[in-house]
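Here is the structure we will look at, set down as structure tokens.
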Amino acid sequence: MRIGYPCINWTLDCKTDRTFRLKSYSEDRLIETVENNLDCLLRVLEFNVRNNILFFRITSDLVPFASHPICQFRWQDFFREKFEKIGAFIKRYDTRISMHPDQFVLINSKDKKVFERSRRELLYHAEVLSLMKLDTSVKIQIHIGGVYKDKMKSIERFIKQYNRLDSVIRKRLVIENDDVSYTLSDCLRIHSRIGVPVLFDILHHRINSSGQNVEDALTLISSTWKRQDGVPMVDYSSQKKGKRQGRHAETIDMRDFKNFLVKTKDFDFDIMLEIKDKEKSALKAVEITLSDVRFLKIKIPKMKKFISAF
DNA sequence: TCACGTCAAGCAGAT
DNA sequence: ATCTGCTTGACGTGA
């Protein structure tokens with residue numbers, strides 16, 4: 001099991017998701033921003049390895065406007081070596097990477113233009129991971145999309161339009177149950193048709209449940225991940241107390257987390273902590289898994305000492 | 001230096 | 001009809 005957090009590290013004094021306004025787009029601006037984001041990404045990954053955090057979600061904002069028509073610059077060629085260097089670091093320390101395109105990516109949209117924009121955005125995500133030379137266990141997670149007042153038709157449209165996606169996208173795509181529309185059972189039904197692995201989101205399952213307990217859910221999703229997909233990925237977060245359902249907590253609820261670890265001790269998976277304070281909660285989670293013999297299945301870096309990445 | 005209006009993209013649910 | 005949340009505030013103009 002690896003423990004991770006998404007996109008942002010608050011401890012370091014750099015950002016991996018710096019951006020700018022579309023109106024201020026220029027090649028110089030793009031180069032400057034991407035250079036900053038990639039350099040920072042390597043620093044974040046090194047911070048993570050030093051702290052036994054071997055799972056990390058890379059931000060979709062790494063290359064601003066990458067899938068927008070305004071971007072004609074070949075950032076792939078310009079930054080090829082930097083991407084390779086980051087990828088080498090990731091592989092060397094056996095870090096698991098994921099990406100999560102944002103809410104505008106909709107495979108099952110009724111609007112051809114929305115589907116085409118989504119395809120281009122997914123291609124950008126797949127390109128980033130290919131440039132890092134990462135294998136197909138490195139996944140891009142998306143939700144099923146909109147319901148458009150007819151869930152059955154929208155699921156069929158998802159399947160049809162999924163099959164039109166480029167193979168570089170399909171081999172990395174995984175689907176995740178969401179908090180309002182598509183449940184775990186909906187995702188499993190889609191898996192049975194097209195074989196796409198299912199990522200299990202604990203909090204979404206609590207809010208928008210299809211009835212399974214956590215153990216049964218993990219059994220079900222585990223069989224959707226094949227050898228080339230790596231171990232299953234799970235999104236974990238605590239509900240923010242007294243707030244609207246689905247809001248993420250400020251920091252990890254250690255009692256709830258320990259309960260979860262005990263319940264799931266017989267499964268192997270990588271866990272993404274979707275919690276506001278990011279690496280702080282990940283550090284707490286790593287600490288408990290390393291200090292309590294009941295949870296000793298956590299992965300630690302292959303090499304104790306490592307050469308500085310920068 | 002700082003306040004604050006606005007930012008590529010879509011949907012669903014709340015107000 | 002309009003606003004908010006989503007994985008996350010922060011860019012950039014004007015004073």
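To find a chain, count down the sequence lines: A is the first, B the second, and so on, and within it residues start at 1.
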What protein N or O atoms touch nucleotides 9-11 of chain C N or O atoms at under 3.5 angstrom, if any, and at what distances?
unit_1, atom_1, unit_2, atom_2, d
C:dC11, O4', A:R21, NH1, 3.4
C:dC11, O2, A:R21, NH1, 3.1

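- Across all strands, A:F65 comes closer than 4.0 Å to base atoms (heavy-atom distances).
- Within the cation-pi definition used here (under 6.0 Å to the ring centroid, within 45° of the axis), A:K153 does not qualify as a partner of A:Y148.
- The partner of C:dT8, taking Watson-Crick or G-U wobble pairs whose two distances both stay under 3.5 Å, does not exist in any strand shown.
- Spacing between B:dC7 and C:dG5 at atom C1', rounded to whole Å, works out to 16 Å.
- Here A:K133 pairs with A:E84 in a salt bridge; the nearest charged N to carboxylate O distance falls below 4.0 Å.
- Computed from coordinates, the A:L22 CG to C:dG12 C1' distance equals 14 Å when rounded to whole Å.
- The closest donor-acceptor contact from the side chain of A:N37 to the backbone of A:R18 lies under 3.5 Å.
- Atoms CD (A:E176) and P (B:dC11) sit 19 Å apart, rounded to a whole Å.
- Across the P atoms, C:dT8 and C:dT13 are found 27 Å apart, a figure rounded to whole Å.
- The side-chain ring of A:F104 is not stacked on the base of B:dG10, judged by centre separation under 5.5 angstrom and plane angle under 30 degrees.
- Rounded to an integer number of Å, the gap from A:I58 CD1 to C:dT8 C1' is 16 Å.
- For A:R172 and A:D166, the salt-bridge test fails: no basic side-chain N is under 4.0 Å from an acidic carboxylate O.
- A:P101 comes within 4.0 angstrom of a base, heavy atoms only.
- Between the C1' atoms of C:dT7 and B:dC2, the separation comes to 29 Å (whole Å).
- With a 3.5 Å ceiling on both atom-pair distances, B:dA9 lacks any Watson-Crick or G-U wobble partner.
- The CG-P distance, from A:N177 to C:dT7, rounds to 11 Å in whole Å.
- Counting heavy-atom neighbours within 6.0 Å of A:E81 CD, excluding the residue itself, gives a total of 12 or less.
- Counting only N and O atoms by type, the side chains of A:S167 and A:R170 include no donor and acceptor under 3.5 Å apart.
- Whole-Å rounding puts the A:D102 CG to B:dC7 C1' distance at 13 Å.
- In this structure, NZ of A:K23 is placed 7 Å from P of C:dT13, rounded to the nearest angstrom.
- B:dA3 and C:dC6 have their P atoms separated by 26 Å, given to the nearest Å.
- For A:D77 and A:R74, the salt-bridge test passes: some basic side-chain N is under 4.0 Å from an acidic carboxylate O.
- Atom pair A:Y124:OH and B:dA8:C1' shows a separation of 13 Å (rounding to whole Å applied).
- Atoms CZ (A:F56) and P (C:dT7) sit 16 Å apart, rounded to a whole Å.
- At the phosphate of C:dT7, OP1 or OP2 sits under 4.0 Å from a side-chain N or O atom of A:H204.
- Of the possible polar contacts, one joining the A:S192 side chain to the A:R189 backbone as a donor-acceptor pair under 3.5 Å is found.
- Here A:V114 lies in heavy-atom contact (under 4.0 Å) with sugar-phosphate atoms only.
- Nucleotides C:dG12 and B:dA8 have their P atoms positioned 10 Å apart, rounded to a whole Å.
- Taking atom P in both C:dG9 and B:dC11, the straight-line distance is 25 Å, to the nearest Å.
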